[in-house]
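Below is one structure, written out as structure tokens, with a few remarks after it.
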Amino acid sequence: MIDKDYSPENIEQKWYDFWLGRGLFKADEYDDTKPCFSIVIPPPNITGVLHMGHALNNTLQDILVRYKRMDGYNTLWMPGTDHAGIATQNVVERYLASKGISRHDIGREKFIEEVWKWREKHGNLIINQLKRLGTSCDWSRTRFTMDEGLSRAVRKVFVSLYTEGLIYRSNYIVNWCPRCHSALSDLEVEHEEEDGFLWHIRYPFADGSGGMVVATTRPETMLGDTAVAVNPSDRRYRSYVGKEVILPIIGRRIPIVSDPVVSVDFGTGAVKVTPAHDLDDFELGMRHGLESIIIMDEDGIMNSNAGPYKGMDRYECREQLEKDLGKDGFLVDKTPYRVPIGKCYRCKTVVEPYLSKQWFVKARPLAEKAIQAVEEGSTRILPEHWKKTYFEWMNNIRDWCISRQIWWGHRIPAWFCRDCGEITVSEDTPERCEHCSSTNIYQDSDVLDTWFSSALWPFSTMGWPDDTPLLKKFYPTDVLVTGFDILFFWVARMMMMGLRFMGDVPFRDVYLHALVRDDKGQKMSKSKGNIVDPILEMDRYGADAFRFALAAFAAMGRDVKISDKRVQGYRFFVNKIWNAGRYVLANLEGFDPDKVDKDSLKFSYADKWILSEMNRAIVDARDALDNYRFNEFAERLYHFTWHAFCDWYIEFSKPQLQGNRPDTTRWVLHRVLKTCLELLHPVIPFVTEEIWQQLPGKEVESIVVAKYPVKDDSLEFSSEADEMDKVIDMISAIRTIRGETGISPSERIDIVIKGSSDEIRRIVDSSMSYIKDLARIRDIAWITDDKERPAKSAFAVTSDAEIFVPLEGIIDTLKELDRLDKQIKRLTKELEIKEKKLSNRGFLEKANKEVVEEQRRLRKDLVFRLKRLKKAKDLMQG
RNA sequence: AGGCGGGUAGCUCAGUGGGAGAGCACCGGCCUUACAAGCCGGGGGUCACAGGUUCAAAUCCUGUUCCGCCUACCA
């Protein structure tokens with residue numbers, strides 16, 4: 001027997017340990033008897049702490065994996081973590097700083113050691129939090145992007161792409177974070193607009209004949225200007241092209257060039273050109289053969305090219321420069337302006353476009369196949385509308401800057417020769433330059449973008465570049481479940497790398513879920529203070545309720561809005577399951593389903609009804625999961641479990657257990673509860689296991705590996721189920737009368753029924769006990785003639801019967817008339833709509849026959865009920 | 001600038017051609033031995049707005065408007 005009260009903390013850890021102990025989450029690459037299903041986890045950062053995004057992401061994956069595992073698949077859910085270069089380096093630097101140490105104090109090697117130490121100590125936090133959620137990963141295979149095997153994959157990929165010319169090193173404008181001290185890829189920059197200014201600065205002509213005014217949002221960059229550009233079609237400036245201006249303060253003579261990229265109508269129509277500090281300017285500079293002058297260092301401090309501003313921070317320089325320009329009369333205007341700002345997505349520092357030598361991946365050739373794969377449907381992107389976004393980005397893809405000027409990460413396998421200056425790229429550490437054989441070589445100090453190794457995740461985790469049995473069996477994976485925010489960062493790049501190195505897509509489906517927001521739809525953030533902490537939610541309500549809430553809100557393509565209160569709501573559901581379990585178990589003592597001869601069972605109406613409902617729930621649940629409709633899955637089972645099984649069947653079972661076929665009832669209770677638990681297990685793993693373990697008649701050691709329910713045609717009784725629906729309608733109708741006329745629930749009453757057919761009488765007669773029990777009826781009398789209708793009585797009509805509650809003195813006649821009027825009014829309105837529809841010739845001719853038939857049937861029903869209601873009203877007034 | 005998503009009950013959202021739904025909140029009645037974390041009953045919506053297609057529109061098309069997000073080199 002299970003405890004009276006449900007408390008998650010008593011069961012969650014227990015069963016998780018049990019599952020791990022039995023190795024139930026393990027995949028078997030040598031098993032050839034089953035179909036396969038595989039997923040790789042989106043690896044969380046080792047610095048990460050479980051947030052709602054992780055919780056949603058992993059809950060959805062776990063639902064799929066548990067479903068497939070139960071459905072007989074050889075299932076691999078590959079777990080692991082990501083080394084998160086910049087983020088981790090930041091964290092460890094902060095930690096060292098608290099002890100008064102900088103990474104430069106201890107040097108690269110020692111620092112890396114410190115990071116590994118840190119990882120040993122803290123890197124498992126998030127993994128443990130995932131376990132708390134109940135995730136059924138094959139933990140024995142846990143990978144880390146910095147593992148030797150994965151590092152080998154990184155080196156191999158780098159070398160082959162380099163050899164093919166798809167990786168190159170070049171001087172280019174990159175997004176530079178002066179705080180992280182590193183280049184960033186385009187994706188790692190967050191764009192937003194801020195209040196700023198547009199400065200108008202006059203550059204005098206070199207020949208002293210006047211000057212021209214340029215507009216800029218970053219005046220300090222003028223120190224690196226090497227030209228002024230105008231649009232060739234701009235009449236105002238046409239004659240100036242070819243002349244020179246003198247750069248104020250610096251005094252450098254720079255040319256005026258013309259280029260179509262310049263907008264005539266922005267600012268003054270003349271733009272200052274700083275090739276070393278702006279992407280457009282750099283490209284313009286290339287076209288016009290302009291010099292690039294770098295004016296600040298890697299910390300954003302002005303260098304000697306900045307003349308008098310050397311040593312100033314870029315913003316300090318901006319202020320001072322503005323003063324100086326004003327003093328010398330060069331500053332013509334300063335107007336407020338919304339300035340687009342790029343910020344480092346890690347530390348929010350304003351990035352500086354910066355000219356430097358970096359490694360790039362030539363993305364376009366790789367993108368082509370990735371585009372094609374989605375076009376052809378080798379990989380499906382769901383929800384579909386993300387396809388367009390994917391294509392949009394892929395079609396306009398730019399080269400990917402992969403070098404980072406930090407220490408923590410995969411060091412670039414390239415060596416420079418001090419003698420000949422050439423580069424040697426090699427998987428293994430080379431002893432000499434492959435160009436001049438000099439031994440005077442040194443390795444590039446940069447590391448690779450973390451996403452470079454993440455891009456290999458679906459196959460590097462399975463042992464690539466070795467040709468492992470795991471790869472053979474489980475690549476490509478079946479589905480990738482991840483947030484849409486890393487569609488480009490990660491999904492697109494895995495597609496490119498998978499196709500290039502495995503010759504096949506990394507996954508058949510990509511299911512992109514939404515972001516988790518608060519209940520007002522706002523993004524969660526620490527500064528807003530609206531964070532919902534998943535660990536706290538699990539502490540309060542249990543992992544089961546928490547998971548169910550996430551699944552129930554995960555409608556495809558919509559944000560997941562969640563609040564503490566909503567999780568609590570589903571805690572009530574889990575509690576409901578718990579209590580249903582208690583009820584069934586209490587009635588199953590001494591019962592062994594294996595000893596029951598199924599053919600000898602004599603199912604009642606109610607039995608047949610719930611078994612048929614069960615079949616429908618099974619079909620719907622499977623259909624929902626097969627199509628990633630998690631919310632439908634959750635809601636469908638919620639409804640079946642609570643409102644079909646608990647609200648109706650368990651109540652039906654009570655009189656049945658007292659009747660003459662208790663064993664049949666037990667069999668049904670057992671069967672339906674077991675099925676409920678198995679259906680729900682993917683989303684509610686713990687409580688389902690706790691109850692399931694106590695059920696008699698288990699075939700396997702755990703619900704984790706129980707067969708996922710399939711529709712059982714031998715338990716399908718649709719016509720009897722329909723008849724039971726009529727009984728349910730009648731019980732509801734009687735309850736409504738009771739509720740609306742204020743008859744005390746404890747009072748048993750007599751009713752009179754006039755059926756519309758012999759059929760209904762037969763049905764009611766054989767369902768008498770249910771009606772009496774659930775509607776609290778003492779006696780049911782039948783009438784066949786309208787003359788027998790009781791005069792002063794409350795009245796209700798269903799599609800099949802009229803129900804009278806003759807309680808003179810107890811019912812208020814006026815109130816009852818009012819009640820009847822309200823119903824008559826409502827049904828009349830409905831009937832009008834039907835009449836209109838059915839008198840429409842176009843409808844009769846063009847609509848489907850079934851639809852017309854259905855409308856006719858509904859009209860007939862309405863006519864019947866209206867007629868009876870009016871009659872009841874007449875009688876009441878009479 | 002372009003793209004995408006959304007506007008349905010008081011709140012949060014399902015529903016994508018044929019009778020407007022759920023959960024929560026609200027109102028009324030119940031401690032009926034699985035469950036008061038519960039049971040029974042009830043009220044509540046011009047489906048953003050305007051056109052169009054159709055026998056039929058919350059659903060498809062066009063436009064308007066408001067909100068959110070993403071991409072973009074107008075300094």
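Chain identifiers are assigned alphabetically (A, B, ...) following the order of the sequence lines, protein sequences preceding nucleic acid strands; residue numbering begins at 1 within each chain.
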(Q) Mind checking if Leu279(A) touches a base, just sugar-phosphate, or nothing, with heavy atoms under 4.0 Å? (A) nothing
- Query: What is the nucleic acid contact for Gly196(A), judged by heavy atoms within less than 4.0 Å: base, sugar-phosphate only, or nothing?
  - Reply: nothing
- Task: Answer with base, sugar-phosphate or nothing: what part of the nucleic acid does Ile650(A) contact at a heavy-atom distance below 4.0 Å?
- Result: base
* Base, sugar-phosphate, or nothing for Arg398(A), non-hydrogen atoms under 4.0 angstrom? -> sugar-phosphate
Using a heavy-atom cut-off of under 4.0 Å over every strand shown, decide if Glu845(A) touches base, sugar-phosphate, or nothing.
nothing
Glu188(A) atom CD is separated from U71(B) atom C1', nearest whole Å, by 17 Å
For Arg287(A), answer base if it contacts any base atom (sugar-phosphate contacts may also be present), sugar-phosphate if it contacts only those atoms, and nothing otherwise; contact means non-hydrogen atoms under 4.0 Å. nothing
Counting the benzene-type ring for Trp, do Phe630(A) and Tyr511(A) have ring centres under 6.0 Å apart? yes
Atom C1', compared across G44(B) and A25(B): separation rounded to whole Å
12 Å
Between Val584(A) and Arg826(A), the residue closer to the 5' end of RNA chain B by nearest nucleotide is Val584(A)
ask   = If you look at every strand shown and take non-hydrogen atoms under 4.0 Å, does Arg571(A) touch a base, only sugar-phosphate, or nothing?
value = base
Rounding to the closest angstrom, what is the interatomic distance between U54(B) and C66(B) at atom P? 31 Å
Practice task
For Phe645(A), report the nucleic acid contact type (base, sugar-phosphate, nothing); a contact means any heavy atom under 4.0 Å.
Solution key: nothing
On the ring face of Phe488(A), is Arg493(A) found with NZ or CZ under 6.0 Å from the centre and within 45° of the axis? no
Carboxylate-amine/guanidinium contact Asp278(A) Arg218(A), below 4.0 Å:
yes
Classify Glu853(A) by what it touches in the nucleic acid, base, sugar-phosphate, or nothing, heavy-atom distance under 4.0 Å. nothing
* **Sugar-phosphate only, base, or nothing, as touched by Asn840(A) at under 4.0 Å among non-hydrogen atoms** => sugar-phosphate
Remember a base hit wins even if backbone is also touched, and classify Gln855(A) as base, sugar-phosphate or nothing at under 4.0 Å, heavy atoms. sugar-phosphate
Is the shortest heavy-atom distance from the side chain of Trp400(A) to the side chain of Asp186(A) under 4.5 Å? no
request  = Would you classify Lys654(A) as touching base, sugar-phosphate or nothing, given that sugar-phosphate means primed atoms plus P, OP1 and OP2, and contacts are heavy atoms under 4.0 Å?
outcome  = base
(Q) Once hydrogens and angles are ignored, does a donor-acceptor distance under 3.5 Å link the base of C24(B) to the side chain of Lys565(A)? (A) no
Assign each of Leu862(A) and His643(A) the nucleotide of RNA chain B bearing its closest heavy atom; nearer the 5' end lies the nucleotide of Leu862(A)
Rounded to whole angstrom, note down the C1' distance from C40(B) over to U12(B). 26 Å
Whole-angstrom distance between A37(B) and C31(B), as gauged at atom P: 15 Å
Exercise. With heavy atoms under 4.0 Å as the rule, sort Asp485(A) into base, sugar-phosphate or nothing.
Key: nothing
If we take the C1' atom in both A14(B) and G45(B), what is their distance in whole Å? 15 Å
Take atom C1' in A48(B) and the same atom in U65(B), then report the distance between them in whole Å.
8 Å
message: Say we look at U53(B) and C73(B): how far apart would their P atoms be, to the nearest angstrom?
response: 44 Å
Legend entry - Short side-chain donor-acceptor distance under 3.5 Å, Ser185(A) and Glu188(A): yes
Check: Taking the same atom, P, in C69(B) and in G19(B), what whole-Å distance lies between them?
Finding: 37 Å
Check: When we call it a touch if two heavy atoms are under 4.0 Å apart, what does Thr389(A) touch: a base, just sugar-phosphate, or nothing?
Finding: nothing
Practice problem: Before accepting this row, confirm whether a basic side-chain N of the pair Arg287(A)/Asp259(A) lies closer than 4.0 Å to the acidic partner's carboxylate O. | Solution: yes
